[in-house]
> 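Quick one: the structure is below, and I'll ask about it shortly.
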Protein chains: 2
Amino acid sequence: MKLEQATIKDIARELNVSSSTVSRALKDYPGISDETKRKVKELAEKMNYRPNAIALSLRKSRSFTIGVIIPEVVHFFFSTVISGIEEVAFSRGYNVILTQTNEKLAREKSSVDTMLSNQIDGFLVSYSKETTDFNHFSRLLDQGFPIVFFDRVPEIEDSVNVVVDDFKGSYEASKHLILQGYRRIYHISGPVQLKISKERLRGYQAALEDHGIKFENSWVIECPRGDENEAKEITLEILKTNSEKPDAFFCHNDMAAVGVMMACKEMGLKIPQDIGVVGFSNWQFCTMLDPSLSSVAQPGFKMGAKATEILLDIIEKKINTKETQNTFVLDTELLVRKSSVKI
Amino acid sequence: MKLEQATIKDIARELNVSSSTVSRALKDYPGISDETKRKVKELAEKMNYRPNAIALSLRKSRSFTIGVIIPEVVHFFFSTVISGIEEVAFSRGYNVILTQTNEKLAREKSSVDTMLSNQIDGFLVSYSKETTDFNHFSRLLDQGFPIVFFDRVPEIEDSVNVVVDDFKGSYEASKHLILQGYRRIYHISGPVQLKISKERLRGYQAALEDHGIKFENSWVIECPRGDENEAKEITLEILKTNSEKPDAFFCHNDMAAVGVMMACKEMGLKIPQDIGVVGFSNWQFCTMLDPSLSSVAQPGFKMGAKATEILLDIIEKKINTKETQNTFVLDTELLVRKSSVKI
DNA sequence: TTGTAGGCGTTATCAG
DNA sequence: CTGATAACGCCTACAA
């Protein structure tokens with residue numbers, strides 16, 4: 001029951017011309033009589049002719065398809081990025097093949113393989129949490145295969161990256177807490193192997209240092225999963241056991257911030273009076289929480305759009321990887337809401 | 001700078017055998033000496049051979065790729081569906097090409113065209129709000145092209161659909177509020193032209209009737225945009241002006257429920273003591289609200305997974321469209337949380 | 001202005 | 001057990 005698509009041959013046979021004539025007529029090549037062009041186009045329309053992109057890909061070794069590898073689709077930030085990718089790809093005539101790794105390295109590798117099999121023209125990648133060695137990517141980069149990394153970017157020479165300014169976003173958020181009068185600011189951090197976690201940690205530390213706050217290592221707690229339950233557990237433990245208690249939390253993501261808020265409420269602490277909280281990512285739910293959660297907004301759509309533009313420019317050789325800068329940094333925006341405004 | 005992929009021919013040349021031999025050896029066809037097999041496989045490995053899926057597609061007129069057309073990616077429910085789609089597709093060896101229509105009919109049509117050009121094996125579609133005539137789909141269905149619709153399904157004969165049971169979900173939610181002792185249960189409804197809005201309204205009304213509650217039309221308020229601000233405004237107005245005040249709200253979506261909760265808090269009403277609230281969709285943030293929001297969970301992942309399984313079964317001719325039922329209804333699940341438990 | 005032939009990478013078919 | 005050939009649909013040098 002397959003779709004019987006008309007081919008160039010069909011048109012040619014019907015019109016008693018050669019298939020090259022049809023091919024040329026359809027593409028308005030010079031040296032084809034207007035008469036023939038007209039007839040060909042008319043019949044093509046009538047037969048509902050549609051060029052076979054697969055045949056074209058084979059011929060040109062170009063698929064006009066880009067592969068997107070992402071940890072999770074059900075994730076506000078990433079879905080926003082996908083939206084940006086899709087938008088630009090569509091407008092420039094490219095298809096988007098999508099896979100999610102579910103944070104599994106094995107799946108990431110296997111996706112790379114199938115996508116390469118499918119002759120994609122380039123990759124857009126945000127790698128999984130399990131990914132610590134980048135051979136499966138650097139091998140491709142060495143061969144000159146177009147890859148643009150976004151958000152989670154590797155520390156490989158010559159890789160092209162699009163990131164947000166995690167350091168600055170983190171710095172601003174921490175500074176904001178300090179200016180609000182919070183002093184014992186803890187940091188719920190992400191998985192330390194991720195560069196974004198490191199950057200956010202650095203920004204936090206820099207802000208504290210710059211404002212003369214002496215902090216201890218015990219103020220930084222890693223939350224590898226980064227969901228609200230994990231953060232809640234950890235926060236409860238801190239609030240119950242630590243002798244010197246925190247008066248604010250800067251969290252590496254919003255879900256962790258929710259966990260912190262839950263724990264505080266459970267312990268009878270008032271936000272923002274007793275404890276200030278700031279998250280990261282500005283998920284939709286920030287405004288829905290009580291109190292509303294201050295957060296560092298990441299420009300997801302813009303990141304997807306930018307990464308795609310760069311990738312397509314590389315593919316179409318409008319820019320040369322070697323000559324261009326290789327890390328594009330997008331600005332974050334601190335959105336101050338009730339959870340961190342003491343005064 | 002293109003990736004120079006080794007082909008079967010390369011292996012053949014190197015080994016001084018024909019390409020058919022290599023092809024057969026790689027696929028463990030019978031009638032190839034173990035010796036040859038070993039040599040071929042070894043070299044293939046060494047040359048990092050990867051079959052060209054494009055060539056295969058051309059040969060077999062099958063691309064092992066399915067096209068997904070969805071209104072919006074940045075939407076919790078849809079992103080969950082995508083996740084389900086991706087999961088099943090991946091495990092059965094299919095690729096997923098994705099486009100979002102942004103609720104535009106023109107974009108929907110154009111996506112259908114490019115995907116067909118790309119020789120996809122089938123479609124998974126949730127159509128746009130602008131789509132009122134389905135010629136671009138029914139034409140394909142008539143030709144026997146595999147399409148499965150989900151969530152937003154057309155009223156076309158023979159179309160295969162996957163939906164959730166909005167009526168029942170709505171009924172259960174309303175019944176739950178009644179059993180909790182709420183009596184004046186208002187309904188914040190969605191855009192009345194959407195089938196899901198109608199179904200949810202029907203379920204609500206049926207539950208009230210079945211439990212002997214006389215309700216008035218004024219209890220149903222349409223919230224066309226369906227976001228929290230709109231719902232908040234409307235709720236405030238109700239709470240301020242109505243002489244007979246509601247003691248519960250059943251909302252057609254979670255964002256509206258958030259608006260209701262905000263309004264109640266602003267008016268000094270306690271949830272769930274004074275006002276019970278139930279939402280619909282079970283967005284991630286339900287558990288993060290204070291109090292946590294009861295909601296009717298729609299099985300998005302399951303919907304994506306189910307739709308994909310059916311589609312692939314149709315593609316692989318494991319089932320015949322004509323012989324199978326054509327609408328699959330998935331059950332919702334009422335998740336009772338604090339916002340609606342009075343007792 | 002149009003036609004012919006070859007090839008993109010693969011596999012099915014028919015010969016050896 | 002292995003090889004040659006044709007074909008999937010399209011494009012493009014080269015020929016006419």
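Note on naming: letters A, B, ... go to the chains in the order of the sequence lines (proteins, then strands), and numbering restarts at 1 for each one.
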> What about the rings of B:Phe137 and B:Tyr127, do their centers lie closer together than 6.0 Å?
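No, the ring of B:Phe137 stays outside the 6.0 Å limit from the ring of B:Tyr127, centre to centre.
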> Could you tell me the separation between the CG atom of A:Asn52 and the P atom of D:dC8, rounded to a whole number of Å?
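Roughly 12 Å, once rounded to whole Å.
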> Just how far, in rounded Å, is P of D:dA7 from CG of A:Leu58?
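Spelled out: CG on A:Leu58 to P on D:dA7 is 17 Å.
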> Applying the side chain to side chain contact (heavy atoms under 4.5 Å, CB included) test to A:Ile310, which of A:Thr308, A:Ile314, A:Asp313 qualifies?
A:Ile314
> Report each atom pair, protein N/O against N/O of nucleotides 13-16 of chain C, whose distance is under 3.5 angstrom.
{"residue": "C:dT13", "atom": "O4", "partner": "B:Arg24", "partner atom": "NH1", "Å": "3.3"}

> Which of these passes side chain to side chain contact (heavy atoms under 4.5 Å, CB included) with A:Gln100: A:Ile70, A:Val68, A:Ile82?
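The option that passes is A:Ile70.
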> Do A:Ser128 and A:Thr101 have side-chain atoms, one donor and one acceptor, less than 3.5 Å apart?
no
> What is the distance, to the nearest angstrom, from the CZ atom on B:Arg50 to the P atom on C:dT10?
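Taking atom P of C:dT10 as the reference, CZ of B:Arg50 is at 12 Å.
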> So, is B:Ser18 close to the D:dA4 phosphate, meaning a side-chain N or O under 4.0 Å from OP1 or OP2?
no
> With a 4.0 Å cutoff (strictly under), does any side-chain N or O of B:Lys9 reach OP1 or OP2 of C:dG7?
no
> Could you check B:Val22 against B:Ala55 and say which one's nearest nucleotide on DNA chain D is further toward the 5' end?
B:Val22
> Between A:Lys302 and A:Leu330, which heavy-atom pair has the shortest distance, and what is it?
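That closest heavy-atom pairing would be C-CD1, 4.0 Å.
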> Could you check A:Val22, A:Ile11, A:Ile32 and say which one makes a side chain to side chain contact (heavy atoms under 4.5 Å, CB included) with A:Val17?
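Checked A:Val22, A:Ile11, A:Ile32 against A:Val17; only one passes side chain to side chain contact (heavy atoms under 4.5 Å, CB included): A:Val22.
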> Is it the case that atom NZ in A:Lys37 sees more than 12 heavy atoms from other parts of the structure closer than 6.0 Å?
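Counting neighbours around NZ of A:Lys37, more than 12 heavy atoms of other residues, nucleotides or ligands fall under 6.0 Å, so yes.
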> Any cation-pi pair here, A:Arg62 with A:Phe64, using under 6.0 Å and within 45°?
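Yes, a cation-pi geometry holds between A:Arg62 and A:Phe64.
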> Within the supplied structure, the quantity of interest is the number of heavy atoms (other residues, nucleotides, ligands) at a distance under 6.0 Å from B:Glu35 CD; does it exceed 12?
yes
> Closest to the A:Arg59 side chain: D:dT12, C:dG9, C:dG3?
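Looking only at heavy atoms from C-beta outward on A:Arg59, the closest nucleotide is D:dT12.
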> Just the rounded figure in Å: distance from P of D:dT2 to CG of B:Leu15.
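The distance from CG of B:Leu15 to P of D:dT2 comes to 11 Å, rounded to the nearest Å.
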> Contact list please: residues 29-37 of chain A against DNA chain C, heavy atoms, distance less than 4.0 Å, in numerical order.
A:Gly31, A:Ile32, A:Ser33, A:Thr36
> Going by atom types only, do B:Ser117 and B:Thr114 share a side-chain donor-acceptor pair under 3.5 Å?
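Side-chain D/A pair, B:Ser117 to B:Thr114: absent.
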> Can you tell me the distance, in whole Å, between the CG atom of B:Asp10 and the P atom of C:dG7?
15 Å
> What is the bend of the helix from C:dT1-D:dA16 to C:dG16-D:dC1 when you compare the axis at one end with the axis at the other, using five pairs each and rounding to 10°?
50°
> Measure CD1/A:Ile8 against C1'/D:dT12 and give the value in whole Å, please.
12 Å
> What's the verdict on side-chain hydrogen bond (donor to acceptor under 3.5 Å, both in side chains) for A:Thr21 and A:Ser18, showing C-alpha distance, side-chain angles and the deciding distance?
CA-CA 5 Å; A:Thr21 303; A:Ser18 75; 3.1 Å; yes
> How many whole angstroms separate atom CD1 of A:Ile54 from atom C1' of C:dG9?
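Checked: the CD1 to C1' distance equals 13 Å.
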> For B:Asn118 and D:dG9, what is the distance between atoms CG and P respectively, to the nearest whole Å?
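That distance rounds to 15 Å.
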> Would you say A:Lys27 reaches D:dC11's phosphate, i.e. side-chain N/O to OP1/OP2 under 4.0 Å?
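So the side chain of A:Lys27 is within the cut-off, an N or O lying under 4.0 Å from OP1 or OP2 of D:dC11.
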> Indicate whether the side chain of B:Gln119 and that of B:Ser57 have a donor and an acceptor atom separated by less than 3.5 Å.
no
